[in-house]
Structures are given as structure tokens and as C-alpha cells.
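First up is the structure itself, then whatever we jot down about it.
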There are 2 protein chains.
Amino acid sequence: MQSFTEENYLKIIYHLSLNTESAVQTNAIAERIQTKAASVTDMIKKLADKKLVDYKKYQGVKLTESGKNAAINIVRRHRLWEVFLVEKLNFKWDEVHDIAEELEHIKSPELIERLDEFLAFPRNDPHGDPIPDKNGKLDNTVFIKLSKLKTGDKGLIMGVSEHSSVFLQHLEKIGLTLGKQIRITEITDFDGSVELSIENKQINVSREVAKSILIKI
Amino acid sequence: MQSFTEENYLKIIYHLSLNTESAVQTNAIAERIQTKAASVTDMIKKLADKKLVDYKKYQGVKLTESGKNAAINIVRRHRLWEVFLVEKLNFKWDEVHDIAEELEHIKSPELIERLDEFLAFPRNDPHGDPIPDKNGKLDNTVFIKLSKLKTGDKGLIMGVSEHSSVFLQHLEKIGLTLGKQIRITEITDFDGSVELSIENKQINVSREVAKSILIKI
DNA sequence: ATATTTTTTTAGATTTGTCTAAACTTATAG
DNA sequence: CTATAAGTTTAGACAAATCTAAAAAAATAT
Ligand SMILES: [Mn+2]
Ligand SMILES: [Mn+2]
Ligand SMILES: [Mn+2]
Ligand SMILES: [Mn+2]
């Protein structure tokens with residue numbers, strides 16, 4: 001069984017691994033986990049001792065099979081708790097992350113299986129991210145960034161790739177929430193901002209924002 | 001804000017205070033928290049620095065007003081989570097304590113208020129213990145031990161004062177669960193065991209067990 | 001190819017919570 | 001009242017997770 005802290009490292013390493021084939025760098029972990037590189041090196045050694053990561057000095061880390069399983073399990077717990085908070089306790093999608101950050105460390109397999117059942121086996125969390133099943137299996141459908149669409153394209157909003165409160169509140173405010181249908185009406189040349197129609201309204205989103213919205217065509 | 005560990009000490013001290021007017025002893029805390037007296041002394045000093053307990057060397061501790069508030073808050077969280085686990089996730093009353101022991105430390109006042117609402121503001125936990133309200137107010141109705149009743153007395157089972165899994169499973173098995181009506185039919189002289197009728201069945205419980213069952217006449 | 005910059009690791013210190021062994025205080029028994 | 005026992009505290013050590021400062025390795029630029 002891993003400590004709180006070890007679990008946090010495993011999860012961060014897992015998320016950083018998704019963006020790249022190569023090993024995850026010490027500094028990248030340090031930045032994400034809000035700590036110093038020296039501390040990361042210490043923890044990496046510990047995880048390597050426990051065979052949760054493969055580590056060669058100065059070469060970064062990769063999760064082992066068992067490290068990856070552990071990480072996916074934490075992700076599963078995090079996302080299930082987020083669903084609970086939104087669906088059952090009526091939190092908004094921008095309010096749940098920090099609480100789930102704590103709840104994800106509760107150690108009880110039984111608890112998670114029952115929570116999953118209570119929530120009717122949800123496939124996605126409130127931000128559209130897929131929830132790994134009990135065996136760690138993950139729906140790996142990849143969606144397209146809104147910023148990649150062309151004028152005239154239609155699609156459904158399936159998720160967001162940025163989870164900050166300000167960003168999510170902004171989307172809520174302009175009506176860009178999960179499941180809504182959109183159609184691109186224009187893409188401004190000079191700044192790449194996107195004009196789109198959604199529920200018979202015309203709205204404009206910056207390229208910056210468009211990059212973090214995930215669409216299924 | 002207190003650490004996990006500090007919270008555990010506060011809660012234990014609170015529970016031990018309930019049985020006595022005088023100060024809580026170091027060894028009593030050590031036994032309950034599964035640690036050594038020396039460790040308790042260290043922690044007591046820390047809690048005293050934070051003005052959560054009053055402490056004079058060799059004289060034991062008492063919670064201050066603010067320590068008591070903190071403790072009651074932890075008890076509130078523990079009992080609300082126990083209700084959640086039993087009512088919503090279908091755990092049995094003997095399975096929830098350890099999980100609630102972890103959940104009680106999640107720090108989010110908003111979470112607890114919403115959980116309370118989601119559960120429809122329960123007054124008692126699955127073991128019959130009262131749940132403090134948001135302001136720390138606690139229903140302090142005291143019930144009578146089954147072992148104090150006389151032949152012919154009738155009453156309702158309102159709670160248990162022992163929470164171990166074996167004990168609760170035993171009660172479940174012989175049908176002595178919360179809310180049931182009982183009537184004492186005989187008290188055996190030599191061992192103090194109690195014979196009672198419940199739902200038209202006659203059962204016999206040892207004096208030991210009878211001491212831990214709480215009754216409203 | 002060498003110099004400079006960036007990244008990573010080590011060494012040594014700190015904080016939190018724990019422990020053992022020894023010293024000290026309080027309670028109890030004769 | 002004194003001796004012994006029981007309970008508590010101190011001193012010193014240790015493991016986990018962190019930090020700063022300095023050293024070492026790798027990447028990059030000229
Ligand atoms: Mn999240
Ligand atoms: Mn999420
Ligand atoms: Mn409990
Ligand atoms: Mn309880």
C-alpha cells in the first residue's frame with residue numbers, strides 16, 4: 001500500500017506520461033506537484049525501490065506495469081468522487097477538483113466498487129474524462145480540439161483539457177458545457193479566435209480557450 | 001487547521017472525556033490510539049501550544065472550548081459518513097467504522113453541509129449515536145443500558161455502546177437491531193443474563209452483551 | 001570542441017510523529 | 001511514613017517528506 005504522497009507522485013507521473021513516449025523529467029514532476037526537484041529525486045528513488053517506476057539517473061522515470069495500475073486506480077477514484085460530488089451533492093464542475101484530490105486517497109476497494117454502482121457505473125467524469133473500470137480498462141477515444149475545426153464543422157462538446165476553476169466558470173458562463181452541439185461559423189484569421197453557434201446563439205471564443213475544448217464530430 | 005494525527009487525538013480525548021468529569025490520562029489516550037505514552041505526551045504538548053487542550057504536567061488533559069468544537073466537528077463528519085455508507089452504499093453497520101475513520105478527515109465544510117442535506121439531515125448514525133448539528137449542538141438524550149432493566153420492562157433499542165465488528169454482527173444475527181421493540185421476560189440470577197422477547201421470538205443475551213445495548217423505555 | 005546553460009543529483013538540515021530507555025512524579029500498600 | 005508500584009515525562013534516536021546550497025551530468029550554443 002502506498003502513502004498519500006507516493007500516490008500523488010504516481011498520479012502526476014501517469015498524467016505526464018500521457019503526453020509523451022519518452023521518460024518523465026524530474027523538473028516536470030516538481031512543477032506539477034509544487035515541490036523542489038531535489039524532493040522529487042528522493043521520492044523517485046523510493047518509488048524505484050518499490051518497483052513502481054523504472055529509473056536511471058539523469059534519464060527520468062517511466063511507470064512500471066504495477067506503477068501504472070496503481071496510478072490508474074487513483075485516477076478511477078478521483079473521477080468517481082467527482083461524479084458523486086456533481087451528481088449527488090450538486091457541486092458545480094469547477095468546485096470538485098480539490099475535494100476529489102483528498103477523497104481519492106481513501107483506501108477501500110469495497111468503497112469504490114459500491115460508489116461506482118451507486119453512481120450507475122458512469123463512463124465519464126464531470127469534465128468529460130473517461131473513468132477507468134474496475135480492471136483499469138480505460139476508454140481511450142481521443143477527441144479533437146475545437147481549435148482544429150474548420151468553418152462549417154459541427155460537433156459535440158465532449159470534454160475539456162484544462163481544469164482550472166476560472167476556465168470552467170468561463171465556459172459555464174458563455175454556455176459551453178458538456179454535451180452541447182456547436183457549429184463553427186467563422187475563424188478569424190489574425191488571432192485564430194473561433195466564432196460558433198450554439199443553441200441558436202452566436203458566441204466567440206479565443207484561440208487559447210478553443211485549444212482546451214474537446215469535440216466529437 | 002489540524003493535521004490528521006491531531007484530529008485523531010482530539011477525537012479520542014473527546015470520547016474519553018464523556019465518561020468522566022476529571023482530566024483524561026496519558027495512558028488512556030495511548031491505549032485508545034494504539035501508541036506509546038511518550039508519543040502522547042509529545043502530542044499533548046503540541047495541542048496545548050495550540051490552545052486545544054489545557055494541560056498541567058502529570059495531571060492529564062481537558063479539551064478547551066475550541067478543542068471541544070474541533071472534536072465535535074470530527075465526530076459530526078464521522079457519523080455523517082457512516083450514515084452515507086449504510087444508507088446510500090448499502091454497507092452493513094459493522095463495516096463502516098474504519099472507512100469513516102478515514103473519511104472524517106476530509107477538510108471541506110461545504111462538503112459536509114451538502115452531505116448532511118443529501119442525507120436529509122439525519123439525527124443519528126447507524127449505531128444510534130447522535131449526530132452533532134452544523135453548530136456543534138448535540139442531542140444528549142441518555143438511554144438506559146439493557147442490563148439495568150427489570151423483568152416485565154418494555155423498550156426500544158436505540159443504540160449500542162460498543163462498536164466492534166464481532167459485537168455488531170452478533171446483534172444482527174440474533175435480531176437485535178436499532179428501532180426494535182423488546183420486553184424483558186426473565187433475568188437469570190446467577191449470571192445476570194437477560195431473556196427477552198422480540199418480534200414474538202424469545203432470545204437470551206449475556207449480561208456482557210446487555211451492558212452494551214441502549215434502550216428507551 | 002569547448003564553453004555556457006539547464007537539469008538533475010547529493011549532502012546536510014528541518015519538521016512531524018513515532019519509539020525505547022531512563023528519570024521523575026504521584027499513588028498505594030504495609 | 002517509607003517502600004514499592006504505577007503513571008508520566010524527558011532525552012535521544014529514527015523514518016518520512018521536505019528544503020537549500022553545492023556538485024555533477026547532460027544539453028545547447030558558438
Ligand atoms: Mn479533477
Ligand atoms: Mn475531472
Ligand atoms: Mn464509527
Ligand atoms: Mn457510529
Side-chain angles (χ1 to χ4, degrees), chain A residues 1-13 16-17 19-63 67 70-71 74 101-102 104-105 107, chain B residues 1-14 16-17 19-63 67 70-71 74 101-102 104-107:
Chain A
M1 196 90 297
Q2 294 89 5
S3 71
F4 251 63
T5 316
E6 288 166 350
E7 286 195 340
N8 283 333
Y9 275 88
L10 288 174
K11 197 180 62 163
I12 300 280
I13 295 169
L16 290 170
S17 307
N19 306 321
T20 166
E21 274 301 290
S22 54
V24 175
Q25 304 196 104
T26 305
N27 268 351
I29 299 170
E31 194 187 334
R32 275 282 210 113
I33 225 162
Q34 292 281 62
T35 187
K36 295 293 142 86
S39 311
V40 173
T41 302
D42 286 345
M43 179 55 77
I44 279 174
K45 284 182 194 163
K46 204 167 135 191
L47 296 175
D49 285 348
K50 294 191 172 188
K51 308 241 189 274
L52 294 164
V53 298
D54 286 324
Y55 169 55
K56 266 185 269 144
K57 262 196 209 174
Y58 294 101
Q59 304 307 134
V61 285
K62 281 186 179 178
L63 291 172
I74 302 159
E101 214 50 47
E102 294 189 55
E104 71 188 5
H105 300 292
K107 307 277 194 306
Chain B
M1 199 90 295
Q2 292 91 11
S3 72
F4 246 66
T5 316
E6 287 166 351
E7 286 194 340
N8 284 332
Y9 275 88
L10 288 173
K11 199 181 60 165
I12 301 280
I13 295 169
Y14 172 75
L16 291 170
S17 307
N19 304 323
T20 168
E21 273 301 289
S22 54
V24 175
Q25 303 196 107
T26 305
N27 268 351
I29 300 171
E31 194 187 333
R32 275 284 209 109
I33 224 161
Q34 292 281 65
T35 186
K36 296 292 141 86
S39 311
V40 173
T41 302
D42 287 344
M43 178 55 78
I44 279 174
K45 284 184 193 162
K46 203 168 137 190
L47 295 175
D49 285 348
K50 294 191 174 189
K51 309 239 189 274
L52 294 163
V53 298
D54 286 324
Y55 170 56
K56 264 184 271 150
K57 263 195 209 175
Y58 295 100
Q59 304 307 136
V61 285
K62 281 187 178 176
L63 291 172
I74 301 159
E101 214 49 48
E102 295 189 54
E104 72 189 4
H105 299 291
I106 304 290
K107 308 277 195 307

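Both backbone and side-chain heavy atoms feed into the values below; hydrogens, waters and symmetry mates do not. Here the structure is a predicted model, which is why all the values come from computation and not from measurement. Note on naming: letters A, B, ... go to the chains in the order of the sequence lines (proteins, then strands), and numbering restarts at 1 for each one.
- Within 6.0 Å of the CD atom in Glu101(B), the count of heavy atoms belonging to other residues, nucleotides or ligands exceeds 12.
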Working for side chain to side chain contact (heavy atoms under 4.5 Å, CB included), residues Val53(B) and Val24(B):
CA-CA 10 Å; Val53(B) 298; Val24(B) 175; over 6 Å; no

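- When all heavy atoms of Tyr55(A) and Gly60(A) are compared, the pair lying nearest together is CD1-O, 3.7 Å.
- Proximity note for Tyr58(B) (side chain, C-beta onward) versus dT18(D), dG7(D), dT18(C): the nearest is dG7(D).
- For Tyr9(A) and dT18(D), the shortest distance from a side-chain N or O to OP1 or OP2 is below 4.0 Å.
- Look at CE on Met43(B): it is 8 Å from C1' on dT16(C), rounded to the nearest Å.
- For Leu47(B) and dT9(D), the CG to P distance is 13 Å, given to the nearest whole Å.
- Atom P of nucleotide dT18(C) and atom CD of Gln34(B) are separated by 12 Å, given to the nearest angstrom.
- Following rounding to the nearest Å, Lys36(A) (NZ) and dC19(D) (P) show an atom-to-atom distance of 6 Å.
- The nucleotide whose nearest atom lies closest to any side-chain atom of Asp42(B) is, among dT18(C), dT10(C), dA26(D), dT18(C).
- Val61(B) is listed as a side-chain neighbour of Ile29(B), based on a closest heavy-atom distance under 4.5 Å.
- If you check every strand for non-hydrogen atoms under 4.0 Å, Thr41(A) touches a base.
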Stepwise side chain to side chain contact (heavy atoms under 4.5 Å, CB included) test for Thr35(B) and Tyr9(B):
CA-CA 11 Å; Thr35(B) 186; Tyr9(B) 275 88; 3.8 Å; yes

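- Counting to the nearest Å, the P atom of dT18(D) and the CG atom of Asn8(A) are 9 Å from each other.
- The phosphate of dA16(D) has neither OP1 nor OP2 within less than 4.0 Å of any side-chain N or O from Ser3(A).
- Take the nearest nucleotide of DNA chain D for Thr35(A) and for Gln59(A): the residue whose nucleotide is more 5' is Thr35(A).
- DNA chain D lies under 4.0 Å from at least one heavy atom of each of the following residues of residues 25-33 of chain B: Gln25(B), Thr26(B), Asn27(B).
- Counting to the nearest Å, the P atom of dT10(C) and the CD1 atom of Ile44(A) are 11 Å from each other.
- Heavy atoms of other residues, nucleotides or ligands lying less than 6.0 angstrom from NZ of Lys50(B) number more than 12.
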Does the side chain to side chain contact (heavy atoms under 4.5 Å, CB included) test come out yes or no for Asn8(A) and His105(A), once each step is laid out?
CA-CA 9 Å; Asn8(A) 283 333; His105(A) 300 292; 3.0 Å; yes

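- The side chain of Tyr55(B) places an N or O atom within less than 4.0 Å of a non-bridging phosphate oxygen (OP1 or OP2) of dT9(D).
- In this structure, Glu6(B) places its CD atom 12 Å from C1' of dT15(C), rounding to the nearest Å.
- Contact check, Ser39(B) against dT18(C): no side-chain N or O comes under 4.0 Å of OP1 or OP2.
- Close to dC24(C), at under 4.0 Å from its OP1 or OP2, lies no side-chain N or O of Lys57(B).
- As a whole-Å value, the separation of Lys45(B) NZ from dT18(C) C1' is 14 Å.
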